[in-house]
Q: 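My questions will all concern the structure given below.
Counting begins at 1 with the first residue of the sequence.
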Amino acid sequence: MHRPALCLLILLLAACAHEAVPPPAAGSPFALDDASVAELQAAMRDGRLSARQLTTLYLERIAALDDDGPRLNAVIEINPDALAEAERLDAERTAGRVRGPLHGIPVLLKDNIDATGMANSAGSLALAEHRPARDAHLVARLREAGAVILGKTNLSEWANFRSTRSVSGWSGRGGQTRNPYVLDRNPCGSSAGSGVAVAAGLAPLAVGTETNGSIICPAAVNGVVGIKPTVGLVSRHGIIPISPSQDTAGPMAQRVADAAALLGALAGADPRDPATEAAEAHLVPDYTAFLDADALRGARIGVMRKAMGFHSEVDRVMEASIAALRAAGAEIVDPADLPSHGRFGKHAFEVLLYEFRPALEDYLADSGAPLRTLEALMAFNTAHAEHELRWFGQELFEMAAKKGPLTEAAYLEARDSARRLAGREGIDAAMDAHRLDALLTTAVGPAWPIDPVNGDHFLGAGYSAAAVAGYPSITVPAGEVHGLPVGVVFIGRAFSEPRLIALAHAFEQATRARQPPRLLPTLAP
């Protein structure tokens with residue numbers, strides 16, 4: 001696939017030549033790697049830029065940074081129709097039709113989301129030629145909103161549900177994605193490519209998916225915003241699954257405002273996903289309406305202390321964040337830990353093991369995949385062990401394959417216990433007891449070195465309760481540890497996205513903590 005090489009940094013108004021472009025001159029409007037959706041939209045509205053020009057610039061930036069230069073390896077496939085889509089949207093704009101805030105804006109999709117014209121593989125060579133005949137529901141909504149589907153992003157293979165010793169950001173099809181802050185550091189996962197792509201300015205927006213941390217973790221370690229919506233707010237139809245109890249897609253962007261704009265396009269009812277029926281009454285057409293720089297004044301924020309304390313420098317960033325919240329007018333309740341802290345994880349893992357096989361096989365059959373069973377996928381990996389099993393195995397596949405039907409008492413008990421302990425007796429109980437608007441804790445520790453031999457090296461994280469309960473969470477950049485981004489995570493009740501967006505935006509505006517990636521090869525000793 002042809003991706004013409006160009007510059008590290010491209011101004012929107014600069015001429016596109018296939019040579020290095022000098023740094024931005026004083027007074028230049030903005031750089032592509034830092035452009036907001038509102039700025040891009042204004043440039044197209046004013047005639048300074050077309051959707052085709054914008055799409056071309058991002059394709060050339062992908063060529064310069066992802067395929068060449070530092071070789072971030074975040075984008076696994078380019079949409080062959082991207083420029084044609086952009087041209088059609090330009091024609092609509094010329095004719096006086098603008099679909100909304102995403103009209104002409106390029107968006108990248110994680111490579112477990114069906115989008116016509118491209119493979120949907122979950123990063124596995126077993127599905128490298130799997131090209132679904134129809135779009136996922138969220139992709140259809142993006143097209144209707146006027147977004148340009150730019151391409152697909154790499155991910156931890158099978159959304160990191162294959163091995164207990166995996167290395168995040170690696171897939172058999174896509175290879176290893178690298179963190180743009182320090183290139184030998186891990187980008188986390190499983191939405192690794194989506195996090196890296198928006199951090200490095202390969203696209204203004206990307207869609208990730210999460211079962212337990214797969215949006216929040218890569219957003220935090222790549223210094224961007226990630227929104228993990230309430231399960232059911234965004235349809236899962238056309239997404240390669242792990243667990244219907246916990247799976248959701250969500251937006252990733254450099255700013256809360258941009259993530260909120262993308263969420264408005266993604267969220268919507270879908271008869272093919274029953275979980276969206278409960279969400280329909282909570283849908284909001286425009287989540288940017290809740291952006292309020294003064295939202296922290298009088299807000300009650302509870303600190304989940306028991307999810308912290310695993311890294312002294314991360315704790316330093318957290319204390320500074322708590323101080324910033326107080327300075328912005330928030331009332332801090334500290335501690336405000338979950339009564340069920342530490343009690344829901346084993347139940348949630350059992351739910352994932354039970355739900356994985358039937359959900360995956362339903363997807364494989366519905367989408368016309370070349371392999372239709374978990375056993376067939378395991379056999380493929382064994383037959384192609386040199387590529388697929390070179391670094392780690394498929395123990396989670398093997399464990400899931402041994403589970404019985406979803407009518408078994410062991411599954412039903414695990415599902416009910418996980419939901420209750422994380423939700424009603426966890427997040428809800430803590431928020432009720434302290435009359436909170438949101439909970440706050442560390443998203444995850446700093447990025448660790450990429451290590452395919454030993455796998456990931458997690459020190460701790462605070463996102464699991466929201467994931468297991470199916471509740472929303474938002475991570476926002478909060479600072480750095482030795483040049484590596486650290487994020488806080490705001491957690492709320494089911495369908496509290498509007499309030500969380502307001503609080504996260506206010507925190508972002510008060511701290512302005514995000515720093516751009518430096519593309520360092522390694523950290524100096």
Q: Would you say Glu375 and Glu361 make side-chain contact, with heavy atoms under 4.5 Å?
A: yes

Q: Going by the side-chain contact (heavy atoms from CB on, under 4.5 Å) test, name the single residue among Ile322, Asp334, Leu503 that passes it with Ile301.
A: Leu503

Q: Please indicate whether Glu413 has more than 12 foreign heavy atoms, meaning atoms of other residues, nucleotides or ligands, lying under 6.0 Å from its CD.
A: no

Q: Tell me whether the rings of Phe290 and Tyr287 are parallel (<30°), tilted (30 to 60°) or perpendicular (>60°).
A: tilted

Q: Working to the nearest 0.5 Å, report the span between CD of Gln246 and CZ of Arg236.
A: 10.5 Å

Q: What ring-ring contact (aromatic ring centres under 6.0 Å, His included) pairs are there with at least one residue in residues 187-234, not counting sequence neighbours?
A: none

Q: Got Val317 and Val314 here, is their nearest side-chain heavy-atom distance under 4.5 Å?
A: no

Q: Only pairs under 3.5 Å count here: list side-chain donor-acceptor contacts from residues 457-472, not counting sequence neighbours, and write none if there are none.
A:
unit_1: Ser464; atom_1: OG; unit_2: Asn212; atom_2: OD1; d: 3.1
unit_1: Tyr471; atom_1: OH; unit_2: Asp428; atom_2: OD2; d: 2.7

Q: Side chain of Ser171, backbone of Gly174: donor and acceptor closer than 3.5 Å?
A: yes

Q: Using a 3.5 Å distance criterion without hydrogens, assess whether the side chain of Asp456 forms a donor-acceptor pair with backbone atoms of Ser168.
A: yes

Q: CD/Glu508 to CD/Gln254 distance, rounded to the nearest 0.5 angstrom?
A: 10.0 Å

Q: Any ion pair linking Asp437 and Arg499 (charged N to carboxylate O, less than 4.0 Å)?
A: yes

Q: To the nearest 0.5 Å, tell me how far Lys228 NZ sits from Glu210 CD.
A: 6.0 Å

Q: Ignoring hydrogens and angles, state whether a donor on the side chain of Tyr354 or Glu408 is under 3.5 Å from an acceptor on the partner side chain.
A: yes

